[in-house]
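Atoms considered below: every heavy atom in the structure, side chains included; atoms not considered: hydrogens, waters and symmetry mates. Fair warning: this is a prediction, and the values are worked out from it, not measured in the lab. Chain identifiers are assigned alphabetically (A, B, ...) following the order of the sequence lines, protein sequences preceding nucleic acid strands; residue numbering begins at 1 within each chain.
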Amino acid sequence: MFIYDSVQKTKLQLIPIKAGEVSIYVCGPTVYDDAHLGHARSALAFDLLSRTLKALGYKVTMAKNFTDIDDKIIQKVKAAGQSMPEITSLYIDRYLQEMAALGVGRADIEPKATQSLKAIETMIQTLIDKGFAYRVSSGDVYFDTSKDTRYGDISHRVNEDEESQSRVAHTDEKKNSKDFALWKACKNDEDICFKTAFSSGRPGWHIECSAMIEKHFHGTNEYSIDIHGGGADLLFPHHENEAAQSRCATGHELAKYWMHNGFVQIDGEKMSKSLGNSFFLKDALQAYDGEVLRYYLNSVHYRNDFNFNEEDLLVAKKRLDKLYRLKKRVIPSQASMPNTVFKTALLEAMSDDLNVSIALSLIDEMVTQNNEKLDVNSKDKELKKEIVANIEFINSLLGFGGKEPFGYFQIGINEILKNKIEMLLAERTEAKQAKNFARSDAIREELIAMGISIMDTPDGTVWERA
RNA sequence: GGAGCCAUCGCCAAGCGGUAAGGCCGCAGCCUGCAAAGCUGCUAUCCCCGGUUCAAAUCCGGGUGGCUCCUCCA
């Protein structure tokens, strides 16, 4: 398996710190709002990584956190008049539900900041004791970036004296402009506070991930985990800070490899709350099938930016449709073994830093070749079994193609409509047999107007939702 | 102001020094009562200018254009 390491900026062979096992930690969402397409893309990218590693025989342990203490959440609590647990559990549930609709598997460990306070406090105290962190009069605790000689190694940010250029407002009590809060003391009674030795308050954003990783993973004296993942925007400052805290607290590096996924853009611009162009996953799932969305969002390499657009989504659907039409032709057959050449090639493509484009092209070729074979001999039982097995393998590796194919083409059609379609088709078949083509074509027109396309096959007429 | 990423057929998108994958669209054909579906065939020298090399879309330098990070962010 080769993966692109965004710290070394090169593709590297994955050599896990424990042979045969891979530990992954991915930064999850801050749960104060609904998930958008960007969250989906990140989740999908690392889901693909996990599936590929498992297919290669690795034992994968994946952790994805929920940040459930945060300024934004506190704002929402005040505005909505609900408790913090009410708000966070609502969005966690929705997140998990929507990701499930995209076929994203659950992480093995799903830590929450609120459940990790002991680990957070311990790590901060360690940093204070070792002299890497300092408490100011307000009770806030900052990390002293000047004490970490390797600060900047992750994001390759040079130690420029950017005081004048920095857009960050400086707190007077900070020793260095880059120092960041490990702990924020309560400013007034309304704040959500947790008691610690240094002050009553709440953790900073960056410390959560470091503490959770130390709590749940026990790596080696070199690294805590194999792979740390997240969106490209987290590289700095979030991951830089995580790495610094962990390095200084534990004496070893946080992760052996760092992977970052590209953004989802809308009309060529990053999708973000501040730009007001967020596309919520729940709205996307309202309009499109989860499996199609999955196929589409995964169809561009995870490191590239992804420009979301409906036209391309429909192209993705067409490609998925082709796989399901092949499945229709072979469906009642039981799976035998997938074609070795196909399976090997598919795994090889995914092993190369998740080269999905190659994988999808291999699938398209497999579909075309087997359609051709079935055109020649539609009763080849062994071939059909192999095709079923191929599709099952695709489903396990890439997470699509698992549905019952006739049902796939009828998503969103209710029973009443279905009955009407069946009646019209029966009438059309009669008309056709009576050579009454005017009538049969009229029925076809009527169905097309209903959004139904039909196709005559040797086994009778089948229909699809257009 | 600083740092980085990207630029391949009408559109999406692989390629990681050895002579341009795949999909959509389009055209021609097979199949079909006609369609649809399926199949076959056809369609790019890689933003511009230099350089390195026997050989460059791929490496280096300089432009131009787009995006991102330096503030919460997937």
Problem set entry | Nearest heavy atoms of A:Ser210 and A:Glu242, plus distance in Å | OG-O, 3.1 Å
Exercise. Taking atom P in both B:U64 and B:C27, what distance in whole Å separates the two?
Worked result: 41 Å
For this session: Would you please confirm or rule out a distance under 4.0 Å between OP1 or OP2 of B:G38 and any side-chain N or O of A:Arg325?
Result: yes
Exercise. If you measure from the C1' atom in B:U68 to the same atom in B:C39, how many Å do you get, rounded?
Worked result: 45 Å
For this session: With sequence neighbours excluded, tell me which residues meet salt bridge (charged side-chain N to carboxylate O under 4.0 Å, His left out) with A:Glu348.
Result: none
For this session: Write down the distance separating the P atoms in B:C60 and B:G18, rounded off to the nearest Å.
Result: 15 Å
For this session: Rounded off to whole Å, could you give me the CZ-to-P distance for the A:Phe279 and B:A74 pair?
Result: 18 Å
Problem set entry | Separation of the C1' atoms in B:G62 and B:A21, to the nearest angstrom | 32 Å
Problem set entry | Rounded C1' spacing from B:G1 to B:G15 in Å | 36 Å
Exercise. Salt bridge (charged side-chain N to carboxylate O under 4.0 Å, His left out) with A:Arg202: which residues, sequence neighbours excluded?
Worked result: A:Asp71
For this session: Find the partner of B:C25: check Watson-Crick (N1-N3 plus N6-O4 or O6-N4) and G-U wobble (N1-O2, O6-N3) distances, both under 3.5 Å, and reply none if neither fits.
Result: none
Problem set entry | Residue-phosphate contact under 4.0 Å: A:Ser155 side-chain N/O, B:C69 OP1/OP2 | no
For this session: Check salt bridge (charged side-chain N to carboxylate O under 4.0 Å, His left out) between A:Glu310 and all other residues, then give those that pass, not counting sequence neighbours.
Result: none
Exercise. Once you round it to whole Å, what is the distance between P of B:C24 and CG of A:Leu320?
Worked result: 13 Å
Problem set entry | Candidate nucleotides B:G38, B:A74, B:C11, ranked by approach to the side chain of A:Asp312 - the nearest | B:C11
Exercise. In the strands shown, is B:U32 matched to any nucleotide by a Watson-Crick or G-U wobble pair with both distances under 3.5 Å, and which?
Worked result: none
Exercise. For B:C39, does either OP1 or OP2 sit under 4.0 Å from a side-chain N or O belonging to A:Asn371?
Worked result: yes
For this session: Indicate, with a heavy-atom threshold strictly under 4.0 Å, whether A:Gly231 touches base, sugar-phosphate, or nothing.
Result: sugar-phosphate
Exercise. Given the C1' atoms of B:C11 and B:U43, what is the spacing between them in whole Å?
Worked result: 14 Å
Seminar exercise, completed: Sorted by chain and residue number, the side chain to side chain donor-acceptor pair (under 3.5 Å) partners of A:Asp153 (sequence neighbours excluded) come out as A:Arg150
Problem set entry | Base B:A35 to side chain A:Arg444, donor-acceptor N/O within 3.5 Å cut-off | yes
Problem set entry | Partner set under side-chain contact (heavy atoms from CB on, under 4.5 Å) for A:Asp459, not counting sequence neighbours | A:Thr457
Exercise. Is the base of B:C72 touched by the side chain of A:Lys72 through a donor-acceptor pair closer than 3.5 angstrom?
Worked result: yes
Problem set entry | Any strand: nucleotide that pairs with B:A20 via Watson-Crick or wobble, under 3.5 Å | none
Exercise. Can you check the A:Glu240 CD to B:G4 C1' distance for me, whole Å?
Worked result: 14 Å
Problem set entry | First of A:Gly38 and A:Met455 reached from the 5' end of RNA chain B, by closest nucleotide | A:Met455
Exercise. Rounded to whole angstrom units, what separation is found between the CD atom of A:Glu372 and the P atom of B:C30?
Worked result: 17 Å
For this session: Return yes when atom NZ of A:Lys420 has more than 12 non-hydrogen atoms of other residues, nucleotides or ligands closer than 6.0 Å, and no otherwise.
Result: no
Exercise. Any side-chain donor paired with an acceptor under 3.5 Å for A:Thr145 and A:Asp179?
Worked result: yes
Problem set entry | side-chain contact (heavy atoms from CB on, under 4.5 Å) against A:Ala255, all qualifying residues, sequence neighbours excluded | A:Ile225, A:His228, A:Trp258
Problem set entry | Short side-chain N/O contact from A:Lys270 to OP1 or OP2 of B:C69, under 4.0 Å | yes
Exercise. On a whole-Å scale, what distance lies between the P atoms belonging to B:C72 and B:C67?
Worked result: 23 Å
For this session: If B:G50 has a Watson-Crick or G-U wobble mate with both distances under 3.5 Å, name it; if not, just say none.
Result: B:C60
Problem set entry | Length of the line joining A:Lys432:NZ and B:U32:C1', which is rounded to integer Å | 9 Å
Problem set entry | Phosphate-side-chain proximity, A:Asn304 and B:A14, N/O vs OP1/OP2 below 4.0 Å | yes
Exercise. With both distances under 3.5 Å as the test, what is the Watson-Crick or G-U wobble partner of B:A3?
Worked result: B:U68
Exercise. So what does A:Asp305 hit on the nucleic acid, given a heavy-atom distance under 4.0 Å: a base, only sugar-phosphate, or nothing?
Worked result: sugar-phosphate
Problem set entry | Nearest-Å distance for atom pair CZ/C1', residues A:Arg157 and B:C5 | 13 Å
Exercise. Between A:Lys328 and B:A37, does any side-chain N or O lie under 4.0 Å from OP1 or OP2?
Worked result: no
Exercise. How long is the gap from OG1 on A:Thr88 to NZ on A:Lys76, to the nearest 0.5 Å?
Worked result: 12.0 Å
Exercise. Which part of the nucleic acid, if any, lies within contact of A:Thr368, taking any heavy atom under 4.0 Å across all strands shown: a base, the sugar-phosphate backbone alone, or nothing?
Worked result: sugar-phosphate
Exercise. Nearest of B:G38, B:C69, B:C34 to any side-chain atom of A:Asp456?
Worked result: B:C34
For this session: Would you jot down, in residue-number order, the residues of residues 286-298 of chain A having a non-hydrogen atom under 4.0 Å from RNA chain B?
Result: none
Exercise. When all nucleic acid strands are considered with a 4.0 Å heavy-atom cut-off, which category describes A:Glu311: base, sugar-phosphate, or nothing?
Worked result: nothing
Exercise. Counting any heavy atom closer than 4.0 Å, what does A:Leu234 reach on the DNA or RNA strands: base, sugar-phosphate only, or nothing?
Worked result: sugar-phosphate
For this session: Please state the C1' separation for the pair B:C5 and B:C9 - nearest whole angstrom.
Result: 24 Å
For this session: Report yes or no: is the ring centroid of A:Phe437 under 5.5 Å from the six-membered base ring centroid of B:G33, with the two planes under 30 degrees?
Result: yes
Problem set entry | Rounded distance in Å - CD1 (A:Ile154) to C1' (B:A3) | 16 Å
For this session: Check whether NZ of the Lys or CZ of the Arg A:Lys11 lies under 6.0 Å from the centre of the six-membered ring of A:Tyr4 and within 45 degrees of that ring's axis.
Result: no
Exercise. Which letters describe nucleotides 15-22 of chain B, given B = protein heavy atom under 4.0 Å from base, S = only from sugar-phosphate, - = neither?
Worked result: SB----BB
For this session: Tell me, please, which residues at least two apart from A:Glu427 pass side chain to side chain donor-acceptor pair (under 3.5 Å).
Result: A:Arg439
For this session: Determine whether the aromatic ring centres of A:His260 and A:His239 lie less than 6.0 Å apart.
Result: yes
Exercise. Taking atom C1' of B:C12 as reference, at what distance in whole Å does atom CZ of A:Phe308 sit?
Worked result: 14 Å
Problem set entry | Residues from residues 26-36 of chain A lying under 4.0 Å of RNA chain B - heavy atoms | A:Gly28, A:His36
Exercise. Going by the salt bridge (Lys or Arg N to Asp or Glu O under 4.0 Å) test, which pairs reach into residues 446-456 of chain A, not counting sequence neighbours?
Worked result: A:Arg428-A:Asp456, A:Lys432-A:Asp456
Exercise. Who pairs with A:Asp283 by salt bridge (charged side-chain N to carboxylate O under 4.0 Å, His left out), at least two apart in sequence or on another chain?
Worked result: none
